Amino acid sequence: MLLVLPQFPDYSISINLFTNCNYKGTTQALTSCSVEQAPRAFIKASNIYSTSHLLCAIYKSFIEYKYNRLRTKNLSTEVILSLYSSSNISEAFKQFGVNSDSVDTDNIIVLQIFNNKKSESYDANTNAYGIDNTLLFEILGKNSENLEFNDANLIKIRDISMIKKIYKIKHENSTNNDQIERCIINSIQLRGL
Amino acid sequence: MIDDIIKGVEDYLTPNIPVKLISQGAEALVFETNVHPYNPYTTASNASYIIKYRPAKKYRHPSIDQALTKHRTLTEGRLLSKLSNIPGINVPQLICCDPYNGYIWQAKVGCVLPNGTFSNLKNYLWYQKNIDPFDEDKIVKVLVSVGRQIGILHCNDYVHGDLTSSNILLDNNTSSGTNSANEWSPYLIDFGLSSYSTMPEDKGVDLYVLERAILSTHSLFAEKYNQWLLQGYKQAYCEMSLGKDDKERYTKLEQVLKRFEEVRLRGRKRSMIG
């Protein structure tokens, strides 16, 4: 899926959800399939509650990028930090990132943010996940399947008890789905400021 | 002056997010838009979002101004978040915030009443009084539920700080399907002056400010209205302290009500005397 936030029209965001990944690679392999103009972030999809959850973290990263400063290397990695409920970068990458420890990660979201003005190499017409695709599939495994990033697909793979643990959502106030999403969005938007 | 500020907001939001100014206060401007800041999936045709913007004050030193704006925006955001976790309290949902520039996005609550005004408590009371001043049932229901909201808020030791009848919105949750069309649920808004406080003084002042607001806008029926509000307020206190023994149950409420009487006699500024 390719998306542009209304407030930041200079950037395109590509979000792809992969299932049945057989991830065996190293962190190094992951970084090697990023390009300088548009680094990729690999996110554990089971920890993403809904589309709003991820998009809200992306929005927050843009705000930090434009009006304050990035605390990580680039916009894509900043999204991983924004997702986490504290400002601890290494913890954030452990929980939400895909790395050499995450052997059991079957579902991965690949996120890429393009600056429309700078990345000539990216062609929006060809497909949503532009550059170095062969390498990407090598890392994700041959059986990996590209699903559409939407709520219906996320519901199938999300791990609610893990998400509740990460965001410290207590049982009594998580009676309905809206309330969980609300808690997540609140903590992403207000954390670390 | 105001045109410059609106121009600034439009530049910040880009032409992709058209806004309409709906309210202006001393500290902030409130805009409405139908574009969601980040989730295109939820942009239903009738969805609406509220943007609260605290403009820079030219008379303050820029760095102080920035720090204050950031602090106030964050405080309001945090309160919205804290209150949304308390069962029984209705507050609008926080969508996102940009404390560096003083923007808060919230979900819109409330609707337009049949007489064309917006459904805050003030307009509702006027509207209801004009169609049928003797249909007390509806008004009682609304005012008691409003009182309950404030009661729950105070029970959890939060004070609103600017409790007026236009800062209480009524929403008929017809979309959720649980309420019938005539069922109004009250929402508290504008937490710019709110804080956490255990002091009966602050809660008494909250009640006093609301009483004065009702007195000045609905003077003819104010006495009854305030009675019903207090009735709901007391109900909330009793419900919240279920399980505790009787003595504990009533002391907190009594403290607040006693202080409320005192505030009523002297006005809300305690520090003005002595």
Side-chain angles (χ1 to χ4, degrees), chain A residues 1-11 13 15 49-69 79 82 85 148-154 167-176 178-193, chain B residues 9-19 33-43 49 51 66-67 69-107 156 173 175-176 178:
Chain A
M1 182 187 71
L2 198 64
L3 159 125
V4 178
L5 295 183
Q7 209 179 320
F8 305 96
D10 292 345
Y11 293 86
I13 304 149
I15 306 171
Y49 185 79
S50 63
T51 50
S52 282
H53 179 187
L54 181 60
L55 291 169
C56 151
I58 294 172
Y59 181 85
K60 158 107 179 184
S61 306
F62 272 107
I63 294 284
E64 291 290 333
Y65 173 65
K66 198 162 176 190
Y67 301 109
N68 194 28
R69 65 197 150 83
V79 172
S82 295
S85 55
E148 199 188 330
F149 175 73
N150 60 25
D151 282 330
N153 284 330
L154 284 174
Y167 290 98
K168 300 184 180 75
I169 298 171
K170 284 185 225 102
H171 267 290
E172 62 262 33
N173 50 26
S174 57
T175 41
N176 63 49
D178 282 356
Q179 193 58 34
I180 297 178
E181 188 177 280
R182 207 168 161 168
C183 287
I184 294 172
I185 289 176
N186 284 344
S187 71
I188 288 178
Q189 288 298 328
L190 298 168
R191 187 236 40 202
L193 292 161
Chain B
V9 172
E10 283 166 351
D11 285 349
Y12 169 87
L13 291 170
T14 75
N16 297 329
I17 306 177
V19 287
T33 181
N34 55 3
V35 181
H36 194 284
Y38 50 81
N39 198 343
Y41 300 109
T42 56
T43 310
Y49 309 95
I51 306 168
Q66 234 171 4
T69 303
K70 184 180 168 194
H71 182 232
R72 288 180 183 165
T73 311
L74 266 180
T75 313
E76 188 171 355
R78 291 213 173 100
L79 265 151
L80 273 177
S81 153
K82 286 262 156 55
L83 294 178
S84 76
N85 278 335
I86 298 173
I89 291 190
N90 300 326
V91 289
Q93 180 178 359
L94 176 78
I95 293 172
C96 57
C97 75
D98 174 2
Y100 309 112
N101 296 294
Y103 287 87
I104 289 190
W105 290 64
Q106 299 165 17
N156 287 285
N173 312 32
S175 56
S176 66
T178 46

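No experiment lies behind these values; they were computed from the predicted model shown. Every chain is numbered from 1 and lettered A, B, ... according to where its sequence line falls, protein lines coming before strand lines.
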State, yes or no, whether a side-chain contact exists between A:L190 and B:P99 at a heavy-atom distance under 4.5 Å. no
With rounding to the nearest 0.5 Å, note down the distance linking CZ in B:R78 to CG in A:N186. 11.5 Å
Interface moiety of A:I188 toward chain B, non-hydrogen atoms closer than 4.5 Å: neither
Give a yes-or-no answer on whether the side chains of B:Y12 and A:Q7 include a donor-acceptor pair shorter than 3.5 Å. yes
Select one option (side chain, backbone, both, neither) describing which atoms of B:I86 are under 4.5 Å from chain A's heavy atoms. neither
Between A:R182 and B:N85, is any pair of side-chain heavy atoms under 4.5 Å apart? no
Please classify the contact between B:T14 and chain A as side chain, backbone, both or neither, with a heavy-atom cut-off of under 4.5 Å. side chain
Please report the closest heavy-atom contact between B:N16 and A:P6, naming both atoms and the distance. ND2-O, 2.8 Å
Would you give the length of the straight line joining atom OG of B:S84 to atom CD1 of A:I185, rounded to the nearest 0.5 angstrom? 10.5 Å
B:N39 side, atom CG; A:S50 side, atom OG - distance, nearest 0.5 Å: 7.5 Å
Please report the interatomic distance OG(B:S81) to CD(A:Q189), rounded to the nearest 0.5 Å. 10.5 Å
Using non-hydrogen atoms only, which part of B:L94 is less than 4.5 Å away from chain A: side chain, backbone, both, or neither? both
Are B:Y38 and A:Y59 near enough that their ring centres are under 6.0 Å apart? yes
Proximal component of B:P37, with respect to chain A [non-hydrogen, under 4.5 Å]: both
